[in-house]
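Below is one structure; the comments refer to it alone.
The chains referred to below are lettered A, B, ... by the order of the sequence lines, with proteins before strands, and numbering in each begins at 1. Because only heavy atoms are used, hydrogens play no part in the values below, and waters and symmetry mates are left out as well, while side chains stay in. Please read these numbers as outputs of a predicted model, since none were measured by experiment.
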Amino acid sequence: EFKNQVFSVGFGYKF
Amino acid sequence: PIRFGIKAGVNLPNIIKDDGNNNFDTKLNPGFNAGITLDIGLIKGLAFTPELLYATKGYKAETSFGEFTQTTHFIDIPILATINLGGSGLNLVVGPQVSFLTSTKNKFDNGFGTVEQQFDEDSDKFKKSLLGGLIGFRYDINDKVDLHGRYALDFQKN
């Protein structure tokens, strides 16, 4: 058993 | 005002193992996330910003028999508050997240060949919905475009 961990980088665009 | 948006990014997932289950090391299993966003302004400097994302997670592990890669596919629904920092383009983003497992792929490569297994919504083997949380920053380059970085951790075990 384990827990997920996530580092993330990204971009967003708002309409 | 309410604004729709889209987002995409690189995921760098790994796992945190139970105590007593630490006899192997794991590495990042790079993937992606993409989805749609909502920005609902509440008061000046504070917005409710839920999202609907497709995301890959998982990990890699070196074993004495070869490299094991587990890639898990999720629908993530982060339910976030976005707090503007001092009227600048910088925002703190924080909140809980619900994740729904859609499929799991295990790949085993021993240097001579590769074996793959796929599990689709196998509730006996993997938990299908997980509660977690995330914290990060969003930098608004202009009124439409932002860059962001985050750390997310599940509160429940997979």
At a heavy-atom distance under 4.5 Å, which candidate from B:S99, B:G9, B:A152, B:G149 has the highest pair count against chain A? B:A152

Select, from B:N142, B:T26, B:D146, B:L130, the one with the greatest count of heavy-atom pairs under 4.5 Å involving chain A. B:D146

Under a 4.5 Å side-chain heavy-atom rule over Ile, Leu, Val, Met, Phe, Trp and Tyr, are B:I77 and B:I36 clustered together? yes

Over 60° means perpendicular and under 30° means parallel, so classify the ring planes of B:Y151 and A:F7, tilted if in between. tilted

Please name the pair of heavy atoms, one in B:I15 and one in A:Q5, separated by the smallest distance, quoted to 0.1 Å. O-NE2, 4.1 Å

With clusters defined by side-chain heavy atoms of hydrophobic residues (ILVMFWY) lying less than 4.5 Å apart, directly or transitively, does A:F2 cluster with A:V6? no

Taking side chain as everything from C-beta outward and backbone as N, CA, C, O, which of these in B:F32 sits under 4.5 Å from a heavy atom of chain A? Side chain, backbone, both or neither. neither

Picking from B:R150, B:K7, B:K157, B:H148, which has the most non-hydrogen pairs under 4.5 angstrom with chain A? B:H148

Would you indicate whether the side-chain heavy atoms of A:N4 and B:L153 approach each other to under 4.5 Å? no

Side chain, backbone, both or neither: which part of B:N11 has an atom under 4.5 Å from a heavy atom of chain A? both

Under 4.5 Å to a heavy atom of chain A? For B:F155 that would be backbone

Answer with yes or no whether the hydrophobic clustering places B:L90 together with B:V93; edges join I, L, V, M, F, W, Y residues whose side-chain heavy atoms lie under 4.5 Å apart. no

Taking all heavy atoms of B:D143 and all of A:K14, pick out the closest pair and write down the distance. O-CE, 4.4 Å

Are A:F15 and B:I6 packed together at the side-chain level, in the sense that at least one heavy-atom pair is separated by less than 4.5 angstrom? yes

Minimum side-chain heavy-atom gap B:I141-A:F11 below 4.5 Å: no

Look up atom OH in A:Y13 and atom NZ in B:K144, then write down how far apart they are to the nearest 0.5 Å. 4.0 Å

Measure B:Q70 against the heavy atoms of chain A and call it side chain, backbone, both or neither at under 4.5 Å. side chain

Rounded at 0.5 Å granularity, tell me how far CG in B:N14 sits from NZ in A:K3. 14.5 Å

Interface check, chain A: of B:A8, B:G31, B:P30, B:G58, most non-hydrogen pairs under 4.5 Å belong to B:A8

Same cluster for B:I43 and B:I83 if Ile/Leu/Val/Met/Phe/Trp/Tyr side chains link at under 4.5 Å? yes

When you group the ILVMFWY residues by side-chain heavy-atom contacts below 4.5 Å and let the links chain together, are B:Y54 and B:L38 in the same group? yes

Interchain contact, B:N33 with chain A, by part (heavy-atom threshold 4.5 Å): side chain

Should we say atom CZ of B:F4 is surrounded by more than 12 heavy atoms from elsewhere, each under 6.0 Å from it? no

